[in-house]
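This report concerns only the one structure given below.
Every value quoted in this text rests on a predicted model; they were computed, and no experiment measured them.
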Amino acid sequence: MIREKLAESIRRSLTDAQTEGVISFGMLPEIELEVPKNTQFGDFTTNAAMVLAKEAGMPPRKVAEVILSHLHAQDIVERTEIAGPGFINFYLKPTWLHDALCRIATQGAQYGRSDVGQGTRIQVEFVSANPNGPIHVAHGRGAATGDVISSMLSALGFDVTREFYVNDAVNSKQMQNFGKSVHARYMQALGHDFPMPEDAYQGEYVIDIAKDIVKEYGDRFLSMSVEERIRTFTDLAKEQMLELQKKDLADFGVKFDVWFSEQTLHESGKVARVIEILKERGYAYEKSGAVWLKSTAFGDDKDRALVRSNGQPTYIAADAAYHLDKFNRGFEKVIDCWGPDHHGYIARTKAAVAALGCDPSKLDIIIYQAVRLFAGGEMVMMSKRAGDVVLLSELVAEVGKDAARFFFLMRSTDSNLDFDLELAKSQSNDNPVYYVQYAHARICSILRKAEEMGVPVRRACDTDLTPLGHEAEISLIKKLAEFPDTVAEAGLAYEPHRLTRYCQDLAAIFHTFYTECRVMGEDPALTNARLALVDSARIVLQNALGLLGISAPSTM
RNA sequence: GCCUCCGUAGCUCAGGGGAUAGAGCAACUGCCUUCUAAGCAGUGGGCCACAGGUUCGAUUCCUGUCGGGGGCGCCA
């Protein structure tokens, strides 16, 4: 990679100068080489001279001179300049752009991937919706975010496991309410005048589940005791919900490697065991009939209950057991992707992990901010219990998987996301996903034209690329060359929106190129070179959209 | 009260220790006999909330203030 090569040259230049005694500094600084916003400042620029100035005890521009006088990079650098307060701007030989295109053509679908992860085992846990209702729109953001973070890390050479934690503890209040709700609907479906329980789940889908149970089993459960019936229904309904969730997520382009049941942690004794471990390690104690995690020892505001005075373990106890299990499975990095209502759980979860003797820095918790639904400028309320949820499946049916994913991924996870249903449903041209996909369709159209005219598309490595020199061509190649860096930065920072942004930028640059530079023209040499360029753009766009889980249509 | 995210163009949001702060939408003006006009080019529009601090340099980092979203259970 050209950037690394240049950075290495600068480092060598500095160490050489130091050896000669021309300059003196302590540690070699991290060389920051970036693509300047303004093309008039060259292909790459570095602030190394300014960073070193103080330590070296000379003015930045003088340091820059020292760097340049010891630089041996004539093979790639055409010229350099010292600018402004001490920037060094590099103007590379045009062949670096040709090399970039050749690399894309050679690597194809692999372009953008790397091995920085070196097979490190990493687990991404996301969505983890309760198994007592369908996946709704608010889960969509977590689903898209976790999925694309996983894809990016995988592209970076990490060994990624996508995991869904199923909060199916049968003794939990929410599962019991769910079971009671299904039971009430079952009785109603059989014609009984039966009241809904307190805090019932009101959604239509509960009625559907009850009807399905009636259809399949009739009234045979009436012979059971009420408790037995509720337990049976909880199980049946949970299974049905899990299947539905799997299907809805699959339709959204998300597949999990592991569906991890909380209940198994209780049944296998891992929850009880983790409490014992915490007690042994001195981080759990009993007080007023309950067992407490001493999370304050790790910076939490207050200690948290692990076991209630009625003997039931809390969610935190199960979660501690779950995270211990994750680390015991050998993951070297564990990522939890949670909604904004969980931010208060970061401190206690990390505390639990630390109390168990695991390294809390191996646990990264991503909190994505709220999704708010708007329909015609009005905010749509979303309450699961009240039953007025908007389902992810409905959204996907209305706007399609591609648009839905792109919308969810466009914004930084730190920002709220306002999802305008009307806009998304209207399939409006404002939708940026069309803009990006259109660029790909146009590329394919050019390639079809070439085929039609009997002009073979030659790979960039086997084509004379010197005819490329138009401003629009140059900026397109530069953008294509950036892609691997973008994937690395977005992936390591867990920031999928950088990738959607990249796609939009690339599409914009391509559309400009398309308007300014006719590919299938009179000059065969130019046509060949542009075809190679366009084909490289196709590869990069496909790879980028592929990481986002969004299709790259060849016609629109 | 405590925690957390946000505050950048009319709107929705990117960016981010550095050289003239960006995109989309909205407004206005041009561009289709030629590879898809779901496109392109151009114009207007900004005390980057405010006040201190760190720095050679702050819109960016730190502290505080103000404003907005969300969260603070022996619920999950």
Side-chain angles (χ1 to χ4, degrees), chain A residues 32 34 36-38 40-41 45 47 50-51 53-54 59-60 83-87 89 128-130 132 165 167-169 172-175 177 199 262 287-292 300-302 304-319 339-347 367-370 372 374 410-418 420 423 427-439 441-450 452-453 455 472 497-498 500-501 504-505 507-508 510-521 527 530-531 534 555-556:
Chain A
E32 276 183 47
E34 50 185 30
K37 274 176 257 171
N38 195 324
Q40 82 178 59
F41 297 128
T45 187
N47 63 355
M50 291 180 285
V51 174
K54 194 169 187 178
F87 293 103
N89 298 334
S128 300
N130 291 332
N132 51 30
Y165 182 51
N167 289 125
D168 58 355
S172 71
K173 201 180 277 181
Q174 48 119 1
M175 284 312 279
N177 283 346
D199 293 328
E262 176 189 350
K287 190 182 137 194
S288 26
V291 181
W292 297 79
D300 198 4
D301 318 2
K302 44 188 161 185
R304 308 291 169 175
L306 286 167
V307 183
R308 300 177 193 112
S309 43
N310 68 6
Q312 289 291 332
T314 65
Y315 173 81
I316 272 292
D319 225 35
D341 49 334
H342 282 70
H343 100 263
Y345 293 79
I346 296 174
I367 299 288
Y368 58 89
Q369 295 302 312
R372 294 183 302 194
F374 288 83
M410 264 168 66
R411 303 271 138 81
S412 153
T413 52
D414 283 342
S415 285
N416 284 342
L417 181 100
D418 290 346
D420 189 328
L423 180 72
Q427 296 233 354
S428 156
N429 299 343
D430 307 344
N431 196 332
V433 69
Y434 290 115
Y435 182 80
V436 175
Q437 290 181 318
Y438 186 52
R442 274 181 145 178
I443 291 172
C444 293
S445 170
I446 296 170
L447 297 175
R448 275 193 301 273
K449 181 83 178 177
E452 207 179 292
M453 294 170 64
V455 180
H497 76 280
R498 295 202 196 193
T500 56
R501 168 82 25 189
Q504 294 183 85
D505 290 347
F510 175 78
H511 286 309
T512 300
F513 160 80
Y514 182 90
T515 311
E516 306 236 340
C517 303
R518 189 175 170 83
V519 177
M520 302 310 297
T527 293
R530 284 184 173 166
L531 273 175
V534 157
T555 57
M556 282 177 76

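The base of B:C40 lies outside donor-acceptor range of the side chain of A:His511, with no N or O pair under 3.5 Å. Between the base of B:G71 and the side chain of A:His342 there is no donor-acceptor pair shorter than 3.5 Å. With hydrogens and angles ignored, no donor-acceptor pair under 3.5 angstrom links the side chain of A:Thr515 to the base of B:A37. Side-chain to base pairing of A:Asp414 with B:A14: no donor and acceptor N or O lie closer than 3.5 Å to each other. The base of B:U12 lies outside donor-acceptor range of the side chain of A:Asp418, with no N or O pair under 3.5 Å. For a distance-only test at 3.5 Å, the side chain of A:Ser309 qualifies as a donor-acceptor partner of the base of B:C74. Judged by atom type and distance alone, A:Gln504 does not reach the base of B:G24 through any side-chain donor-acceptor pair under 3.5 Å.
Within the nucleic acid shown, A:Arg448 comes within 4.0 Å of at least one base atom, counting heavy atoms only. Nucleic acid contact class of A:Met50 (heavy atoms, under 4.0 Å, all strands): base. Backbone-only engagement by A:Thr512 is indicated by non-hydrogen atom pairs under 4.0 Å involving sugar-phosphate atoms exclusively. Looking at heavy-atom distances under 4.0 Å, A:Asn416 makes contact with sugar-phosphate atoms alone, never a base. Residue contacts for A:Thr413: at a heavy-atom cut-off of 4.0 Å it reaches no nucleic acid atom on any strand shown. Within the 4.0 angstrom heavy-atom criterion, no nucleotide atom of any strand lies near A:Asp168. Across all strands shown, A:Ala370 has no heavy atoms under 4.0 Å from either base or sugar-phosphate atoms. Within the nucleic acid shown, A:Glu32 has no heavy atom closer than 4.0 Å to any nucleic acid atom.
Within the structure, every side-chain polar atom (N or O) of A:Lys37 is placed at least 4.0 Å from both OP1 and OP2 of B:G22. Contact between the side-chain N/O atoms of A:Tyr434 and the OP1/OP2 oxygens of B:A38 is not found at any separation under 4.0 Å. Checking the phosphate oxygens (OP1, OP2) of B:C75, a side-chain nitrogen or oxygen of A:Arg308 falls inside 4.0 Å. Dashed line: the shortest gap from a side-chain N or O of A:Tyr514 to OP1 or OP2 of B:A37 is under 4.0 Å. Between A:Tyr368 and B:G69 there is no side-chain polar atom (N or O) within less than 4.0 angstrom of OP1 or OP2. Between A:Arg442 and B:A37 there is a side-chain N or O to OP1 or OP2 distance below 4.0 Å.
Nucleotide B:U65 has B:A49 as its partner under the Watson-Crick or G-U criteria, with both atom distances under 3.5 Å. Applying the Watson-Crick and G-U wobble criteria (two distances, each under 3.5 Å), B:U29 pairs with B:A41. Of the nucleotides present, none pairs with B:G17 by Watson-Crick or G-U wobble criteria with both distances under 3.5 Å. Remark: B:U54 base-pairs with no nucleotide; criterion is Watson-Crick or G-U wobble with both hydrogen-bond distances under 3.5 Å. With a 3.5 Å ceiling on both atom-pair distances, B:U34 lacks any Watson-Crick or G-U wobble partner. B:C72 and B:G1 make up a base pair, with Watson-Crick or G-U wobble contacts both under 3.5 Å.
A:Asn167 and A:Gln174 form no side-chain donor-acceptor contact under 3.5 Å, judged by distance and modelled atom types alone.
With centres under 5.5 Å and a plane angle under 30°, the ring of A:Phe87 is stacked against the base of B:A19.
B:A49 and B:A58: their C1' atoms are spaced 16 Å apart (whole Å). B:U33 sits 38 Å from B:A21 when the P atoms are compared, rounded to a whole Å. Rounded to whole Å, the separation between the P atoms of B:A37 and B:C50 comes to 44 Å. Across B:G15 and B:C62, the matching P atoms stand 16 Å from one another, rounded to whole Å.
B:C32 shows a glycosidic angle within 90° of 0 and is accordingly assigned syn.
Each of A:Glu262 and A:Met410 lies near RNA chain B, and the nucleotide nearest A:Met410 is the one positioned closer to the 5' end. Where A:Cys444 and A:Arg411 each meet RNA chain B at their nearest nucleotide, the meeting point lying more 5' is that of A:Arg411.
When all heavy atoms are compared, the tightest approach of A:Pro432 to A:Met410 is CG-SD, 3.5 Å. For the pair A:Phe510 and A:Ala439, the tightest heavy-atom approach, listed with the atom from each and the gap, is CE2-O, 3.7 Å.
Checking B:G18, B:A38, B:A19 against every side-chain atom of A:Asn47, the shortest atom distance belongs to B:G18.
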